[in-house]
Amino acid sequence: MAAASATSTATQSQLSCFSSINRSLHQLHLHRRRSISFPSSPRLPKFSVVMSAGGRATGTPDSDPYKGYESASKSMPYGEETNVEENSRSADLGVEKKSVYGSAMIHDFCFGIPFGALVLSGGIIGLLFSRTYTTFSGVLIGGGLLAFSTYSLKIWRQGKSSLPFVFGQAVLSAALLWKNVEVYSLTKSLFPAGFYAAISAAMLCFYIHVFISGGNPPPKKLQS
């Protein structure tokens, strides 16, 4: 009996020793697994959208997701796009305004208003002394020349083409020239028939020059 009890005691001690060794090995294995660091999964580079001045979006890899917004705010300040649109509209408007003007050296109304006033005053003075067809036609032509030249100045200030009024003044000048040439051929008088014929011929040439040049020149602020 004593030998059997001793054998069972030895066997239990061996089993307990083996179980403790097994526990130690298991804990060591767990500790090693926890200490091992696995490589992290690769991350895709983040892209930041930067708006260029022309309105195109360019993608650039960036690690900071807010850096693209900062770059966009720096490259396109607040209100810059609106200013660009306003400048383009102003430029287009300036081109349209320049297109209604011509390249004449002098405006038609610079000479047209004094010329119309001279013819009208001469017709009124002649009408006071003799109520003839010649003096009456002088009043009508002078009034028409003065009206056309005045309206030409008004239309020019509004930024519109004044070529119709230039054409009207040219027609009236031609009519005045024809009338005074007829009177001069009958009377051979230098004044007033010869004088009005000469000045009407000069003004007719001037109006033709303005009409061929495309109209009056633009204002100085549009010439720059």
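Please read all numbers here as calculations on a predicted model, not as lab measurements.
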Practice task
Determine, step by step, whether Leu176 and Leu172 satisfy the side chain to side chain contact (heavy atoms under 4.5 Å, CB included) criterion, reporting the C-alpha distance in whole Å, the side-chain angles of both residues, the deciding distance to 0.1 Å, and the verdict.
Solution key: CA-CA 6 Å; Leu176 184 64; Leu172 292 178; over 6 Å; no

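Atom CG of Asp108 is separated from atom OG of Ser152 by 3.5 Å, given to the nearest 0.5 angstrom. To the nearest 0.5 Å, atom OG1 of residue Thr150 and atom CD1 of residue Ile113 are 4.5 Å apart. The line from CG of Leu204 to NE2 of His209 is 13.5 Å long, rounded to the nearest 0.5 Å. One distance of note links NZ of Lys160 with NZ of Lys154; it measures 9.5 Å at 0.5 Å rounding. One distance of note links CZ of Phe111 with CD1 of Ile199; it measures 10.5 Å at 0.5 Å rounding. Distance check: Ser149 OG to Leu153 CG gives 8.5 Å after rounding to the nearest 0.5 Å.
Remark: side-chain polar atoms of Ser103 are paired, donor with acceptor, to backbone N or O of Ser213 under 3.5 angstrom. With hydrogens and angles ignored, the 3.5 Å screen pairs no side-chain donor or acceptor of Asn216 with any backbone N or O of Gly102.
Taking the six-membered ring where the residue is Trp, Phe191 and Phe195 present tilted rings, their angle falling between 30° and 60°. Using bins of under 30°, 30° to 60° and over 60° for the plane-to-plane angle, the ring pair Trp156/Tyr101 lands in the perpendicular bin.
The closest side-chain heavy-atom distance from Leu120 to Leu145 is not below 4.5 Å. Side-chain contact between Val166 and Phe206: absent, with no pair of heavy atoms (C-beta onward) separated by less than 4.5 Å. Between Phe115 and Ser200 the shortest side-chain heavy-atom distance falls below 4.5 Å. Looking at heavy atoms from C-beta onward, Met105 lies out of side-chain contact with Pro217 at the 4.5 angstrom threshold. Counting only heavy atoms from C-beta outward, the side chains of Thr135 and Ser130 approach each other to under 4.5 Å.
A continuous path of ILVMFWY side-chain contacts below 4.5 Å connects Phe165 to Met203, so both sit in one hydrophobic cluster. By the criterion of side-chain heavy atoms lying less than 4.5 angstrom apart, applied directly or through intervening Ile, Leu, Val, Met, Phe, Trp or Tyr residues, Leu118 is grouped together with Ile141 in one hydrophobic cluster. If you chain together hydrophobic residues whose side chains sit under 4.5 Å apart, Ile208 and Leu163 never meet in one group. Ile124 is connected to Leu146 through a chain of hydrophobic side-chain contacts under 4.5 Å among Ile, Leu, Val, Met, Phe, Trp and Tyr, so both are in one cluster.
Contact record, Tyr184 with Ser189: CD1-O, 3.0 Å, taken as the closest heavy-atom pair. Annotation for Val210 and Ile106: closest pair CG2-O, 3.9 Å, computed over non-hydrogen atoms. Among all heavy-atom pairs drawn from Gln169 and Gly112, the shortest one is OE1-CA, 3.7 Å. Closest approach of Ser173 and Tyr207 over heavy atoms only: OG-CE1, 3.2 Å.
Of the candidates Val181, Val183, Asn180, Asn180 is the only one forming a side chain to side chain contact (heavy atoms under 4.5 Å, CB included) with Tyr196.
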